[in-house]
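Numbered from 1 within each chain, the chains take letters A, B, ... in sequence-line order. Owing to the predicted nature of the structure, the values given are computational and were not obtained by experimental measurement.
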2 protein chains.
Amino acid sequence: MIVSRPPRLDAHARLRALTSDITDLILDRGLLPGDAMPTEQELMAELGVGRNTLREAIKVLQALGVVEIRHGFGMFVAEENLVALSDSLTFRGQMSLRHKGHEANELVDVRQALEAGLVGTAMSAITEQHLAELEAIVVDMERLAADGHSFIDADRNFHRILFEPLNNQLLSNLLGVFWDVYRTIHQSIDAKDSTRAHLAETAHSHRELFEAVKSGDKPLASSLLACHFDGIRGQLAEFNAPAG
Amino acid sequence: MIVSRPPRLDAHARLRALTSDITDLILDRGLLPGDAMPTEQELMAELGVGRNTLREAIKVLQALGVVEIRHGFGMFVAEENLVALSDSLTFRGQMSLRHKGHEANELVDVRQALEAGLVGTAMSAITEQHLAELEAIVVDMERLAADGHSFIDADRNFHRILFEPLNNQLLSNLLGVFWDVYRTIHQSIDAKDSTRAHLAETAHSHRELFEAVKSGDKPLASSLLACHFDGIRGQLAEFNAPAG
DNA sequence: GAAAGTCGGACGTAGGACGTCCTATGCTGT
DNA sequence: ACAGCATAGGACGTCCTACGTCCGACTTTC
């Protein structure tokens with residue numbers, strides 16, 4: 001199936017058409033994540049383009065999380081992920097911090113809407129095991145805070161498990177991405193959240209939230225989450241107006 | 001500033017490092033969207049890589065919406081956009097429709113959480129002008145529905161303007177992306193929503209929502225939005241189990 | 001002074017060559 | 001017979017050269 005592309009097209013459109021042809025090929029053949037794709041040579045012949053052009057398109061698909069390339073072995077359909085969104089948002093976030101930090105605030109707003117808006121539904125589907133895991137994380141946080149250590153991973157896990165009951169991959173990925181992007185931005189502003197007092201405060205707010213979740217008090221959980229994000233917004237504001 | 005990259009690294013990591021070097025270069029030089037970037041030759045010299053390797057990295061950044069390339073002219077820092085997310089989600093959505101359509105449901109769930117969760121806040125900041133625009137769109141919808149025409153664009157605009165008062169670019173982009181992805185998926189299942197009855201129903205539900213927004217009844221607006229999405233979920237279910 | 005033609009720079013595409021890496025095959029030693 | 005290693009082959013990674021295409025700016029001409 002040699003495709004004869006329209007002769008004259010904008011370069012960007014041509015690259016887009018090529019990536020689209022490749023994804024169509026995946027869909028038409030019914031390839032599933034993990035399945036092997038044709039080799040570069042086969043794709044070159046099939047799509048009627050040179051190796052450089054093809055590789056540029058493939059690299060784009062790799063960046064978009066569509067295909068996975070294993071050096072010396074071959075090319076495969078990738079598992080679900082949102083690498084693309086993460087990379088894109090991270091860059092935008094870092095960029096905006098250079099002047100205003102506006103986008104970081106928007107990110108927090110969206111996270112707040114998602115988490116505060118969905119925590120009630122998540123609580124309806126939560127299991128004993130989830131609660132046990134959450135409690136273990138909180139205990140861990142409190143211990144680390146007392147020792148003066150930070151607990152980035154524990155924080156991330158807490159939020160991840162909180163929404164796991166919804167069983168929504170897209171949501172989990174989005175929240176994970178937002179968390180990672182936020183952490184990257186946060187690190188680049190050299191946040192002073194490693195003070196023991198701040199650590200204890202963060203641990204405590206997670207403890208409160210856990211108790212609300214455990215007791216099934218949805219409105220309380222929602223408002224505690226909102227508070228949590230207000231605190232984060234405060235840190236960002238401090239950074240933007242340190243002289244304030 | 002010739003960078004000497006560590007000699008041995010995973011190929012994927014190397015490409016990532018290269019894209020990262022380029023974004024760092026943008027950030028370090030304080031380039032703003034629209035600003036010109038170094039040429040390929042300059043970047044090759046500066047980053048110490050060959051043209052193919054460099055171009056692959058650049059194409060990735062183009063796909064991620066970081067840079068914009070103008071054939072025969074040069075390379076520029078791109079304006080904000082979420083092309084990457086859109087492309088990635090569209091592919092995933094189409095892919096999943098081949099078996100279960102699970103991801104389409106997840107997409108609707110996230111949209112519902114965002115829109116139903118934030119409509120209240122948006123209503124607090126809404127202006128007379130926004131209300132006027134919304135009403136104009138609803139009137140348009142009703143007219144088109146009566147004539148048996150579909151109103152994709154009007155639908156999209158309604159939701160866009162509804163959340164414009166929040167003045168959150170990220171949120172607007174996310175909702176726009178979700179809408180586009182959903183439309184693409186929807187088209188590929190050959191939805192039968194062009195029947196006059198269905199059109200009238202959709203127009204009516206937007207009318208109800210508009211009235212709720214106008215009267216400032218936040219809980220009602222939120223629940224109407226939730227209903228709207230329940231209807232969409234129903235269409236998806238029909239598609240997945242047509243024999244049912 | 002304005003319009004048309006020309007020139008140069010920059011990106012787009014193709015193909016070849018060689019390096020690197022991974023898997024699989026077959027051999028060897030126990 | 002089985003485990004471990006050595007080797008061969010395939011496939012991706014990187015670089016180079018060459019030429020095509022496009023755009024903006026400069027020059028020429030009327």
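Summarising the geometry of A125(A) relative to P165(A), their closest heavy-atom pair is O-CB, 3.6 Å, with the distance given to 0.1 Å.
Taking the centre of each ring, H228(A) and H206(A) come in below the 6.0 Å mark.
Between D109(A) and R233(A) there is a salt bridge, with a side-chain nitrogen of the basic residue lying less than 4.0 Å from a carboxylate oxygen of the acidic one. Using a cut-off of 4.0 Å between Lys/Arg side-chain N and Asp/Glu carboxylate O, D180(A) and R156(A) are scored as salt-bridged.
The cationic group of R70(B) lies under 6.0 Å from the six-membered ring centre of F76(B) and within 45° of the ring axis, placing it in a cation-pi geometry.
Contacts between residues 34-44 of chain B and DNA chain D, defined by a heavy-atom separation below 4.0 Å, involve no residue at all. Shown for residues 53-70 of chain A: residues whose heavy atoms fall under 4.0 angstrom of DNA chain C, namely T53(A), R70(A).
Residues L199(B) and L144(B) fail the side-chain proximity criterion, which asks for heavy atoms closer than 4.5 Å.
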- Query: Hey, mind stepping through R16(B) and D10(B) against salt bridge (Lys or Arg N to Asp or Glu O under 4.0 Å) and telling me if it holds?
  - Reply: CA-CA 10 Å; R16(B) 242 188 125 71; D10(B) 183 63; over 6 Å; no

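When each of I26(A), L32(A), L25(A) is checked for a side-chain contact (heavy atoms from CB on, under 4.5 Å) with R29(A), only L25(A) meets the rule.
Residue-to-nucleotide contacts include no donor-acceptor pair under 3.5 Å from the side chain of N52(A) to the base of dG12(C). In terms of polar N and O atoms assigned as donor or acceptor, the side chain of H71(A) never comes within less than 3.5 Å of the base of dC21(C) in a complementary pairing. In terms of polar N and O atoms assigned as donor or acceptor, the side chain of R51(B) never comes within less than 3.5 Å of the base of dT17(D) in a complementary pairing.
In this structure, F73(B) atom CZ and dA10(C) atom P are separated by 10 Å, rounded to whole Å. If you take CG of L18(A) and P of dA14(C), they are 9 Å apart, rounded to a whole angstrom.
Across all strands, G72(A) comes closer than 4.0 Å to base atoms (heavy-atom distances).
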